[in-house]
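What follows is one structure encoded as structure tokens, with my remarks underneath.
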Amino acid sequence: MSSKISAGGGPIVEVAELTREFGRRRAVVGVSFALSAGECLALFGPNGAGKTTLLRVLAGLLRPTSGDARISGIPLPGGPPARARVGLISHRNMLYEALSARENVAFAARLYGVSDADERVEASLQRMSMLERADAPVRSLSRGMQQRVSIARAMVHSPQLVLADEPYSGLDESGARALTTLLRELRSSGTAVIVVTHNLSEGLSLATHAAMMQRGRFIRYEAVDGIDAVAYATSYREALAGD
């Protein structure tokens with residue numbers, strides 16, 4: 001449905017001094033970055049650092065407290081036009097358990113107004129090797145299979161931005177390989193990607209940029225091609241130890 005090129009050819013993601021508060025607690029504090037078509041940000045940090053909150057703001061599920069966040073030039077939360085440009089993959093699959101895998105993906109396709117919905121649903125399920133179990137109720141599927149369905153659902157409308165929050169959680173080796181291949185293909189086709197992971201080597205291999213997040217802030221943000229992976233891992237361990 002949505003094009004791979006952001007409005008005006010500018011960045012797909014633009015974040016400037018973004019802050020999100022919950023009462024007196026500041027979950028995201030003064031975060032700024034931008035991603036263009038085909039770029040990927042690997043986001044690392046301890047539990048509670050604010051990573052999931054940041055992704056929920058970018059998905060249009062939370063309103064920024066202050067600062068500015070835009071998807072393809074649309075200020076967030078932005079409503080349906082912004083959400084139609086985003087695909088969210090979470091470690092919580094958020095599927096309708098009484099529906100089949102195919103019905104879950106088809107529901108998303110209808111929600112986003114995908115014109116060739118039947119074909120896109122089949123292609124998304126096939127991409128994640130779920131066609132053989134497509135008519136099984138989600139509640140009967142393993143945790144890993146449910147995650148595959150969740151990924152297929154997030155991809156069915158060809159989003160401009162994919163937000164992947166610990167997407168490898170629950171996947172077996174085959175599913176993890178399929179996801180890595182998918183994320184690489186998405187980048188090659190011009191999709192912007194943000195992946196939250198605790199696996200530094202996997203994240204750095206996928207990404208063009210990397211950020212460490214701690215207590216709501218980016219404490220490091222840089223291009224991956226300037227990173228020494230061993231030194232980066234040491235810096236990350238030191239940041240965790242001081243948290």
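Every heavy atom of this structure was used, including side-chain atoms; hydrogens, water molecules and symmetry mates were not.
For the residue pair R127 / S124, no side-chain donor-acceptor distance below 3.5 Å is found, with atom types taken as modelled. Side chains of S32 and Y221: no donor on one and acceptor on the other come within 3.5 Å. Residues E202 and T180 bring a donor and an acceptor atom of their side chains to less than 3.5 Å of each other.
Panel note: side chain E103, backbone S100; a donor-acceptor pair is recorded below 3.5 Å. Here the side chain of S235 pairs no donor or acceptor atom with the backbone of A231 at under 3.5 angstrom. The backbone N or O of A233 sits nowhere less than 3.5 Å from a side-chain atom of E238 that would complete a donor-acceptor pair. A donor-acceptor contact shorter than 3.5 Å is absent between the side chain of S169 and the backbone of E166. K51 places no side-chain N or O within 3.5 Å of a backbone atom of T197 that could act as its donor or acceptor partner. Counting only distance, with no hydrogens or angles, the side chain of R153 and the backbone of N93 share a donor-acceptor pair below 3.5 Å. Between the side chain of T19 and the backbone N or O of G30 there is at least one donor-acceptor pair closer than 3.5 Å. Not a single donor-acceptor pair under 3.5 Å links the side chain of R217 to the backbone N or O of M213. Between the side chain of H157 and the main chain of V86, a donor-acceptor pair closer than 3.5 Å is present. Side-chain atoms of Q146 come within 3.5 Å of backbone N or O of V138 as a donor-acceptor pair.
Note that R220 lies outside the cation-pi zone of F218, set by a 6.0 Å cut-off to the ring centre and a 45° limit from the axis.
Of all heavy-atom pairs spanning I12 and G190, the tightest one is CD1-O, 3.9 Å. Contact detail for L171 and G144: the closest heavy-atom pair is CD2-O, 3.6 Å. The two residues G45 and Y236 make their nearest non-hydrogen contact at N-OH, 3.3 Å. Nearest heavy atom pair, residue P137 against residue A98, reads CB-O, 4.4 Å. Contact record, P64 with V57: CG-CG1, 3.9 Å, taken as the closest heavy-atom pair. Considering every non-hydrogen atom in both A69 and L58, the closest pair reads CB-CD2, 4.3 Å.
Taken to the nearest 0.5 Å, the NE2 atom of H198 stands 10.0 Å off from the CG atom of L43. Separating the CG atom in L141 from the CG atom in L95 is a distance of 9.0 Å, to the nearest 0.5 Å. Between S150 atom OG and M128 atom CE the span is 9.5 Å, to the nearest 0.5 Å. A distance of 10.0 Å separates CG of L76 from CZ of R63, quoted to the nearest 0.5 Å.
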Assess whether side-chain contact (heavy atoms from CB on, under 4.5 Å) is satisfied between V196 and T52, documenting all intermediate values. CA-CA 8 Å; V196 170; T52 295; 5.7 Å; no

Dump the intermediate steps for side-chain contact (heavy atoms from CB on, under 4.5 Å) on Q160 and T191, then the final yes or no. CA-CA 5 Å; Q160 292 181 339; T191 304; 5.9 Å; no

Step-by-step side chain to side chain donor-acceptor pair (under 3.5 Å) determination, E17 to S66: CA-CA 8 Å; E17 293 298 319; S66 63; over 6 Å; no

Please lay out, stage by stage, how V162 and I194 fare under the test side-chain contact (heavy atoms from CB on, under 4.5 Å). CA-CA 6 Å; V162 169; I194 301 177; over 6 Å; no

side-chain contact (heavy atoms from CB on, under 4.5 Å) between Y232 and M212: does it pass, once the steps are laid out? CA-CA 10 Å; Y232 194 86; M212 289 186 197; 3.5 Å; yes

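V121 and F107 are not part of a single hydrophobic cluster, where members link through side-chain heavy atoms under 4.5 Å apart. Under the 4.5 Å side-chain heavy-atom criterion for ILVMFWY residues, a single connected hydrophobic cluster contains both L61 and M94. With hydrophobic clusters built from ILVMFWY side chains whose heavy atoms lie under 4.5 angstrom apart, L99 does not share a cluster with L131. Placement of L200 and V224 within a single hydrophobic cluster is found when ILVMFWY residues are connected by side-chain heavy-atom separations under 4.5 Å, directly or transitively. Taking hydrophobic clusters as Ile, Leu, Val, Met, Phe, Trp and Tyr residues chained together by side-chain heavy-atom distances below 4.5 Å, I151 does not share a cluster with Y96.
Remark: S201 engages N199 in a side chain to side chain contact (heavy atoms under 4.5 Å, CB included) (not counting sequence neighbours).
Ion pairing between E173 and R177 holds under the 4.0 Å rule for side-chain N and carboxylate O. Taking the charged nitrogens against the carboxylate oxygens, D68 and R70 do have a contact shorter than 4.0 Å, which makes a salt bridge. Between E39 and R187 there is no salt bridge, since no side-chain nitrogen of the basic residue lies less than 4.0 Å from a carboxylate oxygen of the acidic one.
The shortest side-chain heavy-atom distance between C40 and V195 falls under the 4.5 Å cut-off. Here the side chains of R184 and L206 are in contact, with some heavy-atom distance below 4.5 Å. Between S188 and E185, the closest side-chain pair of non-hydrogen atoms is not below 4.5 Å. A 4.5 Å side-chain heavy-atom check between Q147 and I89 finds at least one atom pair inside the cut-off. At a threshold of 4.5 Å between non-hydrogen side-chain atoms, the residues R102 and M130 do not count as touching.
Screening residues 136-152 for salt bridge (charged side-chain N to carboxylate O under 4.0 Å, His left out), with sequence neighbours left out, gives R148-D172.
Only one option out of V31, T65, L54 pairs with R20 in a side chain to side chain contact (heavy atoms under 4.5 Å, CB included); it is T65.
For E222, the CD atom counts as densely surrounded, since its 6.0 Å shell holds more than 12 non-hydrogen atoms of other residues, nucleotides or ligands.
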